[in-house]
Amino acid sequence: MDVTTDANAPWLVAGLGNPGAEYAANRHNVGFMVADLLAERMGARFKRHGKAQAQVVEGRVGPPGPAGRRVVLAKPTSFMNLSGGPVTALRDFYKVPVSNIVAVHDELDIDYGVLRLKLGGGDNGHNGLKSMTKAMGREYHRVRFGIGRPPGRMQVADFVLRDFSPAERKELDYFVDRAADAVEALVIEGLERAQSTYNS
């Protein structure tokens with residue numbers, strides 16, 4: 001069931017990842033990739049926020065006029081396991097209801113490229129979500145981007161901090177584009193309609 005909030009309240013979409021060029025193409029950074037594409041669609045560039053450890057873009061998604069939604073895109077510049085601090089600071093600065101916050105993140109327990117949208121729930125061992133939930137509770141939206149499980153005996157930490165494989169990269173742009181579409185649908189149409197389209 002959708003959580004109703006002030007229709008004029010902004011949305012805060014936090015792409016989760018680790019800062020720095022050495023992490024940019026990691027599986028763990030797919031949230032940053034989706035945020036970058038959303039910023040590109042808005043025709044804007046990320047800038048450092050003065051009050052939070054994050055880069056932000058402010059803009060709108062959806063049709064022009066009252067039907068459009070004000071959105072703040074964020075990429076925390078803390079490391080993944082400290083994401084809660086920057087997201088909470090942005091929540092307070094922009095006066096965003098927790099139910100208007102969306103975390104875009106990698107998800108081990110979903111096949112590569114598959115999306116799952118939901119409101120609330122556990123962190124499933126994801127350090128970015130763990131930090132956000134500790135900082136502000138669990139009732140925020142998640143756009144979960146499947147990266148699959150590590151092959152063989154590879155450790156989870158090694159797997160998520162590696163770049164996507166050459167085979168995965170062939171489809172990565174398509175899947176990131178679809179995840180960006182899902183974020184926009186969630187913000188504009190609400191959770192249930194977005195789930196019916198993207199929880200394939």
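What you see below is based on every heavy atom in this structure, not just the backbone, and it leaves out hydrogens, waters and symmetry mates. Just so you know, these numbers come straight off a predicted model, no measurement behind them.
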Considering only heavy atoms from C-beta outward, does the side chain of [X] approach that of [Y] to under 4.5 Å?
X: Arg162; Y: Asn26; answer: no
X: Arg169; Y: Asp163; answer: yes
X: Phe164; Y: Ile147; answer: yes
X: Phe145; Y: Asp106; answer: no
X: Val30; Y: His28; answer: no
X: Glu139; Y: Leu119; answer: yes
X: Val61; Y: Met42; answer: yes
X: His141; Y: Lys118; answer: no

Checking the side chain of [X] only, and the main-chain atoms of [Y] only, is there a donor and an acceptor separated by less than 3.5 Å?
X: Ser131; Y: Gly84; value: yes
X: Thr133; Y: Lys130; value: no
X: Arg142; Y: Gly121; value: yes
X: Tyr112; Y: Glu168; value: yes
X: Asn29; Y: Asn18; value: yes

Please find the pair of heavy atoms, one from [X] and one from [Y], that lie closest to each other, and give the distance.
X: Phe159; Y: Gly148; value: CE2-O, 3.3 Å
X: Met33; Y: Val176; value: O-CG1, 3.8 Å
X: Ala9; Y: Pro97; value: CB-CD, 3.7 Å
X: Ala179; Y: Val34; value: CB-CG2, 3.7 Å
X: Gly68; Y: Arg60; value: O-NH2, 3.2 Å
X: Ala35; Y: Leu73; value: O-CD1, 3.9 Å

Open item on the list: Taking Phe32 as the starting point, is it possible to reach Val57 by hopping between hydrophobic residues whose side chains are less than 4.5 Å apart?
Closed with: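 Different clusters.
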Open item on the list: One thing to verify: whether Asp36 and Lys75 come together as a salt bridge, which I'm taking to mean a side-chain N less than 4.0 angstrom from a carboxylate O.
Closed with: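 Asp36 and Lys75: salt-bridged.
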- [ ] Show your working on salt bridge (Lys or Arg N to Asp or Glu O under 4.0 Å) between Asp181 and Arg41 and close with a plain yes or no.
- [x] CA-CA 10 Å; Asp181 289 346; Arg41 290 180 180 184; 2.9 Å; yes
TODO: Establish, yes or no, whether the cationic atom of Arg178 lies under 6.0 Å from the six-membered ring centre of Tyr198 and within 45° of the ring axis.
DONE: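 So Arg178 doesn't make the cation-pi contact.
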Open item on the list: Please enumerate all residues that pass side-chain contact (heavy atoms from CB on, under 4.5 Å) together with Glu107, with sequence neighbours excluded.
Closed with: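 Partners of Glu107 by the side-chain contact (heavy atoms from CB on, under 4.5 Å) criterion, ordered by chain and then number, come out as His105, Asp109, Ile110, Asn124, Arg144.
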Just how far is it from atom [atom1] of [X] to atom [atom2] of [Y], taken to the nearest 0.5 Å?
X: Asp123; Y: Lys134; atom1: CG; atom2: NZ; value: 12.0 Å
X: Arg70; Y: Asn100; atom1: CZ; atom2: CG; value: 11.0 Å
X: Lys170; Y: Phe175; atom1: NZ; atom2: CZ; value: 13.0 Å
X: Glu40; Y: Phe46; atom1: CD; atom2: CZ; value: 11.0 Å
X: Met154; Y: Arg149; atom1: CE; atom2: CZ; value: 12.5 Å
X: Leu172; Y: Ser165; atom1: CG; atom2: OG; value: 9.5 Å

Task: Transitive ILVMFWY cluster of Ile101, excluding itself - 4.5 Å side-chain cut-off - done: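 Leu12, Leu16, Val56, Val72, Met80, Val87, Leu90, Phe93, Tyr94, Val96, Val98, Leu129, Met132, Met136, Tyr140, listed by chain and number.
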Task: Side-chain cluster (under 4.5 Å, hydrophobic types only) that Leu82 belongs to, other residues - done: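 Noted: Leu82 shares its cluster with no other residue.
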Task: CD (Glu22) with more than 12 external heavy atoms under 6.0 Å - done: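 Counting other residues, nucleotides and ligands, CD of Glu22 exceeds 12 neighbours.
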